[in-house]
A.B. asks: 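A single structure is presented below for examination.
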Amino acid sequence: MSQYQFYSLAGMVLFALGLHALVILPHILRKILSINIMAGGVFLFLISIAARNFEDFPDPVPQAMLLTGVVVALSATAFAVALARRIYTVTGRSELDEEDRVP
Amino acid sequence: MNAFWTNLLPVGVLAASFLTGLGILLLGEARARARVVVNLFGAALKLALVLWMGWLTYNGTLIEMRFSMVADLEFVLRADSLSFLFMGLSSALWLITSIYAIGYLGNGPNRARFFGFFSWCITAAVGVALAGNVITFFIFYEFLTLSTYPLVVHSGTENALKGGRTYLFYTMGGGALFFVGLIWLHVLAGPIDFAEPSVVAGLPAGLQPQLMIIFPLMIFGVGVKAALFPFHGWLPIAMVAPAPVSALLHAVAVVKAGAFGVARVVYHIFGLDVLSDFGLLTPLAVVASITIVYGSLRALTQDDLKRRLAYSTVSQVSYVILGVSVLGVTASAGGLVHLVHQGIMKITLFFCAGLLAETVHVKTVSGMAGLGRRMPWTMAAFTVGAFGMIGLPPIAGFISKWYLGLGALEAGQPWVVGVLVASTLLNAGYFLPILYTAWFTESVSDDAQALPASAREADGWMLYPTIITAVLSVLAGIAAGAGWSPLTLARAVAAGVYGL
Amino acid sequence: MSETLMPLAILLPFVGSLICFVSRHRVSVFTGCVTALLTAGTIGWLTYDVAIHGVQVYALGGWSAPLGIHLRVDGLALFMMIMSAIVGVAVTFYAVSYFGEHDAQEEKRGAELFWPIWMFLWASMNALYLSGDIFNIYVILEILGLAAVGLVALTGRRAVLVAGMRYLLAAMAGSLIYLLGVVLLYAAHGTVDIVLLGQAIEPGATAMAAMTVMTAGLLLKTAMFPLHFWLPPAHASATAPVSAILSALVVKASFYLILRLWFDVFHATITLEAGYVMGALGTGAILWGSIQALRQARVKMMIAYSTVAQLGYLFFVFPVSADHDAANAATWISIAGQGSLYQALAHALAKTSIFLSAGVLLHAAGSDHIDHMRGLAQRLPVTVFAMALAGVSLMGLPPSGGFVAKWMTVQAVLAAGQWWWAPVIIGGGLLAAGYIFRILRPAFSPADVQEALHPVPRSLELCALGMAILSIVIGLRATDLLDVLLIGAPFAIQAGGAL
């Protein structure tokens, strides 16, 4: 297994872990963190493939994409955290559970 | 006259009632006088346009309007002689029923909604008549379902809403059945114009098994509106509607659209040749016969006047279907003319039922004792209608039954005569007791005798339309041989279908 | 000319959004209206231009693929943009009166934020449709999701915050799952340009994996059954104009993307089984959504579940297109595609109308409980009529847009020999009749308490009615719009997979 394949695999595992946590954890902040772990997994995968066919220098395009992705993920996370704080202020709770589904 | 404008006439006929309905809805509840003017003007205009179109067609002008909706979906309006039979009936009775309804609803609530949707109902019925292909037919057929719903639930009571739900359940189910058949046939045969010879006649023989499934789908799809057994259940329940609506449902728009649809499916979608090859006509005749006898039997035991009339409708409409499904010009003419004859007779009966309910609050057969003296005009009209239904000459109903019987013998199906005789006896069985009660027994109620008889007739808005339709029923019977009678038209249609 | 029209369709609402963001409420209302009209005008012009000259491509900054970012417009993209423009203009004018009427403090803040976010959302939708590159689309998907959640959470009430959170998590997860597929494709083919990918792709494990994850992520964002859990609370608790935008437009944006990917990128990868899975999801959506809609006690909740159900009809194009090697397949795939897109349009118009009507109901009666529909046929006849007309289109009765869509879809599945979808499509219409009449029926009964209704501005009712009438009218004359849709043959799949 080459190095880049190892990183790719690690990225996928992170992604799967994040997805799993997103589904099962009720606490909002943990859900947001799970999403960030998913994002981290994808980004790791993305950056690892930059080295796939390039012996001397890496492919620059994935790096550019990664940069964009990080910015997007950061702003989405900021929004999510703001929303979570707002939910806590208004309802005094910080978990999503079944009873909230029917407002 | 320019062909372009002539071909727009069907659109004009539809627009006359559609715009009337729209205008009435926009005028709102308060402006009653303007509403009456718009309504009567629209109705009169429509009748005039229909007659004009009839005159043009009679002189050999082919009137057809078509435009494309999607690639192989065309909107086609075409006036053939079968359309005129139904269209003439609807437009004439719309005018008469509007006058009646203006009197009937008086100052009640929601009149704008009532008259608006009433106009749209007629638009839909006339659209069904004018449809030149099966898609256009289906469009108006569903429009009819929807525009009738607000009329059925007009009073808004729990009963009315329940009746409305049953009505929708049956008719939308029927619509879905028809749609399945329609699209299946479309995939097999492409666009289906109403034509002679039919589109189906040109299909390869190997498709017969599929066609044998499509036919019942389509027949029962339209049969639901024609109250064909076992899909008749909605009709007696929809009786909760006001009398003018019942009159409209039973005599003009809805059940007739169903019966008309059966005629279209048999004559112009499948064609008689195909159906008799497949051996599908006799089963249809049997279903119609079952409906005739079953409806009459149920009518015998109803004490509620409108329910008795409703079951009578279930039975009578199937005469049309019976006539359509028995081979031969005479039987077909008898069935088709019943489309009109049953219409004017049944509307008379329902008008009377409405008069009784509104003016003396009599809704049951047993409560009609002694009414003959107090409301002689009303009861005279009722008697004409009832005799017509039984089939006494010279009233219109006799003509239908005579032709049906004669045609059945010509076609070598004597059992149909047996059905007719049985039905006639049953008709007499449920109508004569009503007449006996009304004319020859005395009312036991005291306050009913407190007023002089003449004071009990309703005012002219309701009474005159009733008398007019009664007179028409007699005229259609006496003058059946005249050049303009429904019978002449029905015979022309039948002759056309059989290629004579 | 249209090369500059494409970026204009994105920039106009974007600039409008910025102006709305920095200016006072009165100015932003005015800016919003002007921007809406200008954007719609631009799209109209673009339509005219593309109808004459055909498919257009614009390389941003003069950089060409594979490195540069392409804007590309064909009939399919145009159709979606026209749909957004029609709904967008109606909702904009509705919102002017709707937010103008509220006095409460929290509503006011909502009103001020509505304009910039809505314009931003519109810009991102246009960008999505014009985008020709799957990574760029990922970024836009995220922006679209954030804007949509922002709109949901507008009023800051408890219900919308929780619903918005759920929506946000689903949207972010969906985008990331999609991004995973983008990475897989880039790893295999070294490009993210849709056209180039379509040429380079080969059937195999990588393509199959990419197709699966991208489709799954987008299904989550489309709220396709069984991933629809986030939609009903979000759509039902948002304010009326927002619900209309979300139900009519936003969920269809990700559907559009699935369609785009299946036809333009994965045409060689699609298997019959994959198509059947999509068809089965559609069936599940129709049945489950309709049954849930029949059980709701609130009008908006019912409409939201109706959206879940109506989305199901869009998906029958996939099983039909999966059978692309059969004889005559091209014809019926095209018909199925047209049916699906026409359903998207008819549903967008009808659902906008019915959500806007529900807004009128909320405004007038203070609640959207179905019991509050009692007697409304007398008291708000225009609104009830609009709901009924829109309902006709949802039921798919002729001559509505919904009917044309259903007609084409059923015809296509029958022609493709997949007759088993047909009963679902027709039965779904009956179920729709069931839930529509559940809210119409009480409207005809007399109201028991004649409690005063809050007066409703006429313009609110007329916006709803206009959309309802339009949803019927598009059924009478579908040819022209479908001609636009077919520019550039978006539903062409070459047998064997070679483009």
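Numbers restart at 1 for each chain; the letters A, B, ... are given by sequence-line order, proteins then strands.
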A.B. asks: Only pairs of heavy atoms separated by less than 4.5 Å count here; which of B:Leu73, B:Leu25, B:Val187, B:Val153 has the most with chain C?
C.D. replies: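 So the answer, after comparing B:Leu73, B:Leu25, B:Val187, B:Val153, is B:Leu73.
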A.B. asks: Could you look at C:Tyr342 and say if it's the side chain, the backbone, both or neither that has a heavy atom under 4.5 Å from chain B?
C.D. replies: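 The answer is neither part of C:Tyr342.
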A.B. asks: Side chain, backbone, both or neither: which part of C:Val410 has a non-hydrogen atom closer than 4.5 Å to chain B?
C.D. replies: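 Both parts, backbone and side chain.
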A.B. asks: As an exercise, state the distance from CD1 of C:Ile436 to CG of B:Leu168, rounded to the nearest 0.5 Å.
C.D. replies: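 C:Ile436 atom CD1 to B:Leu168 atom CG measures 12.0 Å (nearest 0.5 Å).
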A.B. asks: Can you list the residues of residues 154-166 of chain B that sit under 4.5 Å from chain C, counting heavy atoms only?
C.D. replies: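 Residues of residues 154-166 of chain B touching chain C at under 4.5 Å: B:Ser155, B:Gly156, B:Leu161, B:Arg165.
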A.B. asks: Counting heavy-atom pairs under 4.5 Å with chain B, which one of C:Trp407, C:Phe437, C:Trp419 comes out on top?
C.D. replies: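 Ranked by contacts with chain B, first place is C:Trp407.
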A.B. asks: Looking at B:Trp184, B:Phe169, B:Phe67, which makes the most heavy-atom pairs under 4.5 Å with chain C?
C.D. replies: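 Highest number of heavy-atom pairs under 4.5 Å: B:Phe67.
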A.B. asks: Under a 4.5 Å heavy-atom cutoff, which of C:Ala478, C:Gly427, C:Ala433 has the most pairs with chain B?
C.D. replies: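 Ranked by heavy-atom pairs under 4.5 Å with chain B, first place is C:Ala478.
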A.B. asks: Looking at C:Arg477 and B:Ser68, would you say the former's side chain and the latter's main chain have a donor-acceptor pair under 3.5 Å?
C.D. replies: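 Answer holds: yes.
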A.B. asks: Quick one: are C:Arg441 and B:Tyr149 in side-chain contact, heavy atoms under 4.5 Å?
C.D. replies: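 Yes, close enough: below the 4.5 Å cut-off.
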A.B. asks: Just wondering, more than 12 heavy atoms not from C:Arg295 lying within 6.0 Å of its CZ?
C.D. replies: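 For C:Arg295, atom CZ is not crowded (no more than 12 foreign heavy atoms under 6.0 Å).
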A.B. asks: State, to 0.1 Å, how close B:Gly173 and C:Leu430 come at their nearest heavy-atom pair, and which atoms those are.
C.D. replies: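 Scanning both residues, the minimum pair turns out to be N-CD2, 4.4 Å.
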A.B. asks: So, taking the atom named CZ in C:Phe403 and the one named CD1 in B:Ile139, what distance separates them when rounded to the nearest 0.5 Å?
C.D. replies: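 C:Phe403 atom CZ to B:Ile139 atom CD1 measures 6.5 Å (nearest 0.5 Å).
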A.B. asks: Report yes if some heavy atom in the side chain of C:Val392 is under 4.5 Å from a heavy atom in the side chain of B:Glu142; otherwise report no.
C.D. replies: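 Of all side-chain heavy-atom pairs linking B:Glu142 with C:Val392, none is under 4.5 Å.
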A.B. asks: Taking all atoms of both residues into account, what is the closest heavy-atom pair of C:Ala377 and B:Arg113, and its distance?
C.D. replies: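 Closest approach of C:Ala377 to B:Arg113, heavy atoms only: CB-NH1, 3.6 Å.
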A.B. asks: What pairs with B:Thr123 under side chain to side chain donor-acceptor pair (under 3.5 Å), at least two apart in sequence or on another chain?
C.D. replies: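 Residues passing side chain to side chain donor-acceptor pair (under 3.5 Å) with B:Thr123: B:Ser17.
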A.B. asks: With rounding to the nearest 0.5 angstrom, report the CD1 to CD distance, B:Ile183 to C:Gln411.
C.D. replies: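 Rounded to the nearest 0.5 Å, the CD1-CD separation comes out at 5.5 Å.
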A.B. asks: Please find the pair of heavy atoms, one from C:Leu397 and one from B:Met172, that lie closest to each other, and give the distance.
C.D. replies: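 Reported closest heavy-atom pair: CD1-CE, 3.5 Å.
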